[in-house]
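All remarks here apply to the structure that follows.
Just so we're on the same page: letters track the sequence lines, and every chain starts at 1.
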There are 2 protein chains.
Amino acid sequence: MPDGAPVTAVEETYTISQLAEAFELTPRTIRYYEDEGLLTPRREGQQRVYTHRDWARLKLIMRGKRLGFTIAGIKDFLDLYEVGDAQVPQMRFLLKSARDRITTLEQQLRDVQQTLVDLKDIESLVVDHLAKKGALDV
Amino acid sequence: MPDGAPVTAVEETYTISQLAEAFELTPRTIRYYEDEGLLTPRREGQQRVYTHRDWARLKLIMRGKRLGFTIAGIKDFLDLYEVGDAQVPQMRFLLKSARDRITTLEQQLRDVQQTLVDLKDIESLVVDHLAKKGALDV
DNA sequence: CCTTACGTTTACGTAAACGTAAGGGTAGGG
DNA sequence: CCCTACCCTTACGTTTACGTAAACGTAAGG
């Protein structure tokens, strides 16, 4: 190992369109998330430079979207992951936020499970119906 | 029991504002759902008359909203419950819809569960932090 | 008869989450 | 040097899911 080589590898970075393609978004959308404070990429001149940290955040953002959260809701959620450097009153606030969100997620969990039960009932009902009609291929 | 009494009780009905209060919606919202084809109440003169069937549909609508579905998505979902009187091609379509929706719901289930794990981690992390700082009351 | 409380329709307003176009900068390749 | 392919900002357009206001009908109560 040559002298003076950095201990940590040079961090891998991404352009906006690389991120866009990876997450099947448009650059416009990613800039929008920045406007809303969900991402804060470094700048090189005018260009945005994204790191694996932004990548991770985008994964959380996409998950939040699949759960039907609003962008503002996702922002609050992301803030919860930044607990490290918070003072006591701020941490109390975060704790309450986290617990509130846990409550609604537990409701959502029940809703998803019940809906899955309903849909599977419907599915077998339809399959039976089709079977009787002689349209046998499930 | 006097002669000629109806076998089935007179069906209980609701006004729009009764439904609105029960589900914490506004009448405007309920009329909107009608515009979008989610509800089709009977009319008495000009007034809408809702039955327990509409009540049940509204419960499903609210669940769909908690799951982050769009109104159009909820409409498709409600249609699945109306399988009874469908012809074979229509039933094939419904079957595919149901299965698609099951797939995304199973993804949503995983998302909810993972997010709950994350949030509970964060919660205990914050609690520990507060404990160390002497702010002991959990 | 007048007010209050409900219901109705029609229609414009609004917030959220982007899409889309206009106009311009920069780096590399032929 | 020009073209292509990116990047940027600014700003107006669009869809969804209602809110809100106007203008009116009707039945009950004082």
Side-chain angles (χ1 to χ4, degrees), chain A residues 11-51 54-55 57-79 101 104 108 111, chain B residues 11-51 54-55 57-79 101 104 108 111:
Chain A
E11 181 152 36
E12 192 172 359
T13 66
Y14 315 90
T15 70
I16 196 168
S17 49
Q18 280 169 351
L19 271 193
E21 181 168 2
F23 289 91
E24 299 183 82
L25 299 171
T26 67
R28 170 65 173 103
T29 299
I30 297 183
R31 293 194 193 101
Y32 175 68
Y33 292 160
E34 183 176 346
D35 287 346
E36 300 302 309
L38 307 194
L39 299 173
T40 48
R42 206 174 75 222
R43 297 287 181 130
E44 233 155 61
Q46 236 192 353
Q47 293 215 179
R48 293 168 173 84
V49 178
Y50 297 91
T51 70
D54 301 299
W55 184 286
R57 293 204 132 217
L58 259 177
K59 279 190 75 170
L60 291 174
I61 292 172
M62 298 309 281
R63 201 173 71 187
K65 292 218 303 180
R66 286 195 300 274
L67 293 178
F69 295 0
T70 68
I71 299 299
I74 294 176
K75 176 180 162 45
D76 294 348
F77 178 74
L78 287 173
D79 290 347
R101 177 100 21 159
T104 80
Q108 204 167 345
D111 284 334
Chain B
E11 181 151 37
E12 192 172 0
T13 65
Y14 315 91
T15 70
I16 195 168
S17 48
Q18 280 169 351
L19 270 195
E21 181 168 2
F23 289 91
E24 298 183 80
L25 299 171
T26 66
R28 171 65 173 101
T29 299
I30 297 183
R31 292 194 193 101
Y32 175 68
Y33 293 159
E34 183 176 345
D35 286 347
E36 299 303 308
L38 307 195
L39 298 173
T40 49
R42 205 175 78 222
R43 297 288 181 128
E44 233 155 61
Q46 235 191 355
Q47 294 216 177
R48 293 167 173 84
V49 178
Y50 298 91
T51 70
D54 301 298
W55 183 287
R57 292 204 132 216
L58 260 177
K59 279 190 75 168
L60 290 175
I61 293 173
M62 298 310 279
R63 200 174 71 186
K65 291 219 302 182
R66 285 195 302 273
L67 292 178
F69 295 0
T70 66
I71 298 299
I74 294 176
K75 177 181 163 47
D76 294 348
F77 177 73
L78 286 173
D79 289 347
R101 177 105 14 166
T104 82
Q108 203 167 347
D111 285 332

For this session: Mind calculating the distance between CD1 (A:Ile30) and C1' (D:dT9) to the nearest angstrom?
Result: 17 Å

Exercise. Ion pair present between B:Arg43 and B:Glu34, side-chain N to carboxylate O less than 4.0 angstrom?
Worked result: yes

Exercise. According to the Watson-Crick and G-U wobble definitions, with both distances under 3.5 Å, which nucleotide is paired to D:dG29?
Worked result: C:dC2

For this session: Using Watson-Crick or G-U wobble geometry with both distances below 3.5 Å, tell me the partner of D:dA23, or none.
Result: C:dT8

For this session: Let me know the distance between CZ of B:Arg42 and C1' of C:dG7, rounded to the nearest Å.
Result: 16 Å

Exercise. Mapping B:Ala72 and A:Tyr50 to their closest nucleotides on DNA chain D, which lands nearer the 5' end?
Worked result: A:Tyr50

Seminar exercise, completed: A:Ile16 CD1 to D:dC8 C1', in whole Å, measures 9 Å

Exercise. Going by heavy atoms in the side chains, are B:Leu78 and B:Ile74 under 4.5 Å from each other?
Worked result: yes

Problem set entry | N/O donor-acceptor pair under 3.5 Å between A:Thr26 side chain and A:Thr29 backbone | yes

For this session: Using both distances under 3.5 Å as the test, list the Watson-Crick or G-U wobble partner of D:dC7, or none.
Result: C:dG24

For this session: For the side chain of B:Ser17, starting at C-beta, report the closest nucleotide among C:dC6, D:dC7, D:dC18.
Result: C:dC6

Problem set entry | Close side-chain approach of A:Glu12 to A:Trp55, heavy-atom, < 4.5 Å | no

Exercise. Nearest-Å distance, CG (B:Leu25) to C1' (D:dA17)?
Worked result: 12 Å

For this session: Check whether any side-chain N or O of A:Thr15 sits under 4.0 Å from OP1 or OP2 of D:dC7, and answer yes or no.
Result: yes

For this session: Answer yes or no: does a side-chain N or O of A:Arg48 lie under 4.0 Å from OP1 or OP2 of D:dC6?
Result: no

Problem set entry | Atom of B:Leu39, atom of B:Arg57 and distance for their closest heavy-atom approach | CD2-CB, 3.8 Å

Problem set entry | Gap between atoms CZ and C1', on B:Arg31 and C:dC6 respectively (whole Å) | 10 Å

Protein-nucleotides 19-26 of chain D N/O pairs closer than 3.5 Å?
{"from": "D:dG19", "atom 1": "OP2", "to": "B:Thr26", "atom 2": "OG1", "distance (Å)": "2.8"}
{"from": "D:dG19", "atom 1": "OP2", "to": "B:Thr29", "atom 2": "OG1", "distance (Å)": "3.1"}
{"from": "D:dG19", "atom 1": "N7", "to": "B:Arg28", "atom 2": "NE", "distance (Å)": "3.2"}
{"from": "D:dG19", "atom 1": "O6", "to": "B:Arg28", "atom 2": "NH2", "distance (Å)": "3.1"}
{"from": "D:dT20", "atom 1": "O4", "to": "B:Arg28", "atom 2": "NE", "distance (Å)": "3.1"}

Exercise. C:dT9 P sits how many Å from B:Tyr32 OH, rounded?
Worked result: 16 Å

Problem set entry | Integer-rounded Å distance: D:dA17 C1' and B:Tyr33 OH | 8 Å

Exercise. Are the side chain of B:Arg48 and the backbone N or O of B:Ile16 linked by a donor-acceptor pair below 3.5 Å?
Worked result: no

Problem set entry | Side-chain donor or acceptor of A:Gln108 paired with backbone N/O of A:Leu67 under 3.5 Å | yes

For this session: Find the distance B:Lys75:NZ to D:dT16:C1' and express it as a whole number of Å.
Result: 16 Å

